[in-house]
Amino acid sequence: METQFLLFVSIFCTLIIHAEGIKPIVFMHGIVAAADEADPLRGFVEEAFPGTNVTSINAFNHLQSVVPMWTQINTIKEMVRDSLVNSPDGVNLICFSQGGLICRGLLSVLPHNVNNFISVSSPQAGQYGDTMYLKYFFPNYLKQNVYKFFYTQAGQQWSIANYWHDPHQETLYKQHNKFLAALDNDTATPNATMYKDNFLRLKKLIMIGGPDDGVITPWQSSHFGFYDANDTVVPMEKQRFYEQDSFGLKTLDARGDIYTYIVPGVQHTNWIKNRMVFEKFIKPWLTE
Ligand SMILES: *[C@@H]1O[C@H](CO)[C@@H](O)[C@H](O)[C@H]1NC(C)=O
Ligand SMILES: *[C@@H]1O[C@H](CO)[C@@H](O)[C@H](O)[C@H]1NC(C)=O
Ligand SMILES: *[C@@H]1O[C@H](CO)[C@@H](O)[C@H](O)[C@H]1NC(C)=O
Ligand SMILES: *[C@@H]1O[C@H](CO)[C@@H](O)[C@H](O)[C@H]1NC(C)=O
């Protein structure tokens, strides 16, 4: 009798878990976009796993998205602290473009309980390219000379400048960059150990990007590759921050917890809208 009852309880609980779907998802949008950027993704998730809680961070929308990265992260971390730190079973984080660096900041400063971090075409190793965003905001500059503004106190008031990495201006980059250089411990920040400890709480890092992106430059930055001083792209494994394990990337890799997808044929603004990208490269990581 008692055994039967326990069996009944256990089947009942299993059913409830399935009905409630998978781990909650938190999404962060890209530059000049807004929380509704998650709408196509929300649709795909709802179809695949009905009832899943998808929270799109509703902050720094549209032109607000160009304020400094730490300003954004310090506000957003309080908005998401409860879901990122206190979810008993963890959450999956999907972040697009600049949002991927916001999320990396969150993963560095919060003692989080994030399961998988899915970084979608995000310039994780920095950006150095003449793109439509640069032309729109800084029409009088080219990639070769915009460092003259970006690597100043005034320039650092722009989010793009916080991850602008001119490979020919390493000294100025280290002197002035307030964000990416700190996360990568390029500037020997006293917070490096905290960033690393927090980052390594992550279960898995999934990076998606590709050669037809057209905005992230070099596109390999979506996989932690970047230019050397000769404009040759050097892969993640040869980057200083990897070799010195500055924020845990090498440890994560040795654990077998980095998954890199090179996806051709997808332009920058289409990643989150593309069903194939969802089905093949995002969906499999949501059931973990
Ligand atoms: C989804 O998650 C957010 C953040 O944890 C929470 O505020 C919200 O109530 C949840 N929604 C549902 C329907 O459970
Ligand atoms: C280091 O962490 C402290 C405390 O969280 C913070 O006030 C400071 O701004 C951080 N510095 C950097 C460079 O991140
Ligand atoms: C750049 O190219 C020059 C000439 O080919 C070479 O001497 C130098 O070592 C290269 N620098 C890097 C960082 O690869
Ligand atoms: C950060 O860089 C400094 C100076 O190179 C080094 O002493 C420190 O160990 C580094 N921290 C981490 C976590 O790699």
Side-chain angles (χ1 to χ4, degrees), residues 21-61 65 69 72-73 76-77 79-85 87 89-108 110 112-124 163 198-199 201-210 213 215-216 221-224 252 257-263 266-288:
I22 53 172
K23 286 185 173 54
I25 294 168
V26 175
F27 176 86
M28 182 63 206
H29 65 77
I31 195 165
V32 302
D36 64 4
E37 191 169 52
D39 289 354
L41 175 74
R42 193 188 298 283
F44 298 148
V45 171
E46 183 57 28
E47 229 176 89
F49 311 109
T52 304
N53 189 338
V54 180
T55 304
S56 185
I57 296 168
N58 189 10
F60 301 101
N61 294 321
S65 64
M69 296 293 278
Q72 301 193 45
I73 289 160
I76 292 170
K77 81 172 191 231
M79 296 171 66
V80 297
R81 186 185 290 277
D82 207 41
S83 25
L84 261 50
V85 176
S87 297
D89 301 318
V91 299
N92 289 319
L93 201 51
I94 304 177
C95 311
F96 174 56
S97 196
Q98 175 179 285
L101 283 167
I102 302 261
C103 290
R104 216 182 118 202
L106 295 170
L107 294 169
S108 304
L110 286 174
H112 62 86
N113 187 22
V114 171
N115 188 57
N116 295 333
F117 169 34
I118 306 175
S119 169
V120 184
S121 199
S122 170
Q124 292 294 348
Y163 49 88
N198 284 329
F199 190 75
R201 299 174 68 88
L202 201 59
K203 299 288 185 301
K204 288 188 174 70
L205 168 64
I206 293 95
M207 295 185 283
I208 305 170
D213 180 86
V215 170
I216 304 306
S221 183
S222 57
H223 300 133
F224 279 113
L252 211 58
D257 288 335
I258 298 184
Y259 295 80
T260 299
Y261 296 113
I262 299 172
V263 188
V266 183
Q267 290 181 336
H268 192 66
T269 52
N270 289 333
W271 289 101
I272 296 300
K273 301 176 196 162
N274 187 304
R275 179 179 286 273
M276 179 278 293
V277 169
F278 175 78
E279 294 289 338
K280 287 174 80 169
F281 308 111
I282 296 178
K283 186 175 150 188
W285 299 107
L286 302 179
T287 47
E288 296 249 323

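Using a 4.5 Å heavy-atom threshold, the side chains of M207 and F117 count as separate. Between V91 and N113, the closest side-chain pair of non-hydrogen atoms is not below 4.5 Å. Taking 4.5 Å as the limit, some side-chain heavy atom of L107 sits within range of a side-chain heavy atom of L93. Between I76 and M28, the closest side-chain pair of non-hydrogen atoms falls below 4.5 Å. Inter-residue side-chain proximity for F96 and F27 is flagged as met; some heavy-atom pair is nearer than 4.5 Å. Looking at Y261 and V277, their side chains never come closer than 4.5 Å, going by heavy atoms from C-beta outward.
Shown here for L110 and R81, the closest heavy-atom pair between the two residues is CD2-NH1, 3.7 Å. Closest of all the heavy-atom pairs between S97 and G30 is CB-CA, 4.3 Å. Nearest heavy-atom pair across I216 and S222 is CG2-N, 4.2 Å. V263 and V266 make their closest contact through CG1-CG2, 4.1 Å (heavy atoms, listed as atom of the first residue, atom of the second, distance).
In this structure, the separation between NE2 on H112 and CG on L84 is 7.5 Å, given to the nearest 0.5 Å. Considering CD1 of I206 and CD1 of I118, their distance stands at 5.0 Å, rounded to 0.5 Å. To the nearest 0.5 Å, atom CG of residue D213 and atom CH2 of residue W271 are 6.0 Å apart. A distance of 10.0 Å separates CD1 in I22 from NZ in K283, rounded to the nearest 0.5 Å. L205 CG to T260 OG1: the interatomic distance, rounded to the nearest 0.5 Å, is 7.0 Å. The structure places CD1 of I282 at 4.5 Å from CD1 of I208, a figure rounded to the nearest 0.5 Å.
In this structure, the side chain of D257 does not engage the main chain of L252 through any donor-acceptor pair within 3.5 Å. In this structure a side-chain-to-backbone donor-acceptor pair under 3.5 Å is present from Q98 to S65. Under the 3.5 Å distance criterion, the side-chain polar atoms of T55 are left unmatched by any main-chain donor or acceptor of V26. With hydrogens and angles disregarded, a donor-acceptor distance shorter than 3.5 Å links the side chain of N92 to the backbone of N116.
Evaluation of the side chain to side chain contact (heavy atoms under 4.5 Å, CB included) rule for N61 yields H29, A34, A35, N58 as partners, not counting sequence neighbours. Remark: R201 engages no residue in a salt bridge (Lys or Arg N to Asp or Glu O under 4.0 Å) (not counting sequence neighbours). S122 meets the side chain to side chain contact (heavy atoms under 4.5 Å, CB included) test with L101, S119, Q124; sequence neighbours excluded. Take F60 and apply the ring pair (Phe, Tyr, Trp, His ring centres under 6.0 Å) test, not counting sequence neighbours, and it matches no residue. For the ring pair (Phe, Tyr, Trp, His ring centres under 6.0 Å) test, no residue two or more places apart in sequence or in another chain qualifies with Y163.
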Verify side-chain contact (heavy atoms from CB on, under 4.5 Å) between E37 and S56, making sure each step is shown before the conclusion. CA-CA 8 Å; E37 191 169 52; S56 185; over 6 Å; no
Donor-acceptor list for residues 39-50 side chains, cut-off 3.5 Å, not counting sequence neighbours:
{"from": "R42", "atom 1": "NH1", "to": "V54", "atom 2": "O", "distance (Å)": "2.7"}
{"from": "E46", "atom 1": "OE1", "to": "G51", "atom 2": "N", "distance (Å)": "3.3"}
{"from": "E47", "atom 1": "OE1", "to": "R275", "atom 2": "NH1", "distance (Å)": "3.2"}
{"from": "E47", "atom 1": "OE2", "to": "R275", "atom 2": "NH2", "distance (Å)": "3.3"}

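E279 CD: more than 12 foreign heavy atoms inside a 6.0 Å radius.
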